[in-house]
K.L.:
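Let me give you the structure first, and then I'll get to my questions.
Ligands are counted one by one from 1 in listed order, and the atoms in each one are counted from 1 as well. Index from 1, following the sequence.
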Amino acid sequence: MTPGLFISFEGIDGAGKSTHVQALAQAFREAGRAVVLTREPGGTPLAEQLRALALNAPMDPLTEALLMFAARRDHLQQVIEPALARGDVVLCDRFTDATFAYQGAGRGFDLAVLGQLERWVQSVDALPAGQLRQPQLTLWFEIDPDLAAQRLAGARAPDRFESQPAGFFRRVAQGYGDRARAEPRRFARIDGSQPREAVWQQVLAAVRRKGWLA
Ligand code: TYD
């Protein structure tokens, strides 16, 4: 059986990842693969309810971190693990790196506590004890926070994260950089400041380097 693939998409708000999630799904489908296109927080009825709360209701940083991981656990159990067991390609718009970047670097929440939550939540039945479910590839859309803010301006009513000041997004961007440096083999850096077609070519190249698309 074809093994499943787990690919996540990350970057600060306005980095422009979302259109490429769709395009990559199409490319895998054309290559004959079954694709599950999903997002975090969200991806299940329960996790989508938690998303609505996390993005809109005021709360303290621990509550926010717990909601992100609670949504993630449900998403893993209900959607991601079954899909990988079937051999599907799972394309996930954000995963745990977003929690380290937004709740950790952005909000200043304790990274060691996030690490503990990551170990609990991403321990899954299909993997040996001590091994965590992580994406095999993380496409990290890096962009200057000021440029990202320009792109977002006026696009729609901002949520609790999108309405944060520039300093927050500079910290989030650094948080992604720290995660990428810690796991250089999992991360592929995509220069999100380029025009859309050039960004897409970078996405394709990163996936082809893994040997997953011809
Ligand atoms: P996003 O993925 O940008 O979706 P949309 O394009 O519909 O706005 O929005 C999700 C927001 O949630 C984003 O601002 C980042 C935030 N977030 C966290 O703070 N922590 C997390 O763990 C995740 C997954 C997302």
K.L.:
Gln22 and Gln26: side-chain donor and acceptor closer than 3.5 Å?
P.N.:
no

K.L.:
Could you pull out every protein residue that has a heavy atom closer than 4.0 Å to ligand 1, ordered by chain and then number?
P.N.:
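The answer is Asp13, Lys17, Glu40, Pro41, Arg51, Leu55, Met68, Arg72, Arg94, Ala98, Thr99, Tyr102, Gln103, Arg156, Phe161, Glu162, counting any residue whose heavy atom sits under 4.0 Å from ligand 1.
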
K.L.:
Using a strict 4.0 Å threshold on nitrogen-to-oxygen distance, state whether Arg107 and Asp60 make a salt bridge.
P.N.:
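Salt bridge between Arg107 and Asp60, a charged N being under 4.0 Å from a carboxylate O: no.
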
K.L.:
When you group the ILVMFWY residues by side-chain heavy-atom contacts below 4.5 Å and let the links chain together, are Val21 and Leu24 in the same group?
P.N.:
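Leu24 clusters together with Val21.
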
K.L.:
Could you tell me if Arg72 sits above the aromatic ring of Phe69, with its cationic atom closer than 6.0 Å to the ring centre and no more than 45 degrees from the axis?
P.N.:
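Yes, cation above the ring, under 6.0 Å and within 45°.
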
K.L.:
Hydrophobic cluster membership, with links at side-chain heavy-atom distances under 4.5 Å among I/L/V/M/F/W/Y: are Ile80 and Val89 in one?
P.N.:
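Looking at the clustering, Val89 is in a separate group from Ile80.
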
K.L.:
Please list all pairs passing the ring-ring contact (aromatic ring centres under 6.0 Å, His included) test where one or both residues lie in residues 16-52, with sequence neighbours left out.
P.N.:
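Residue pairs with at least one partner in residues 16-52: His20-Phe141.
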
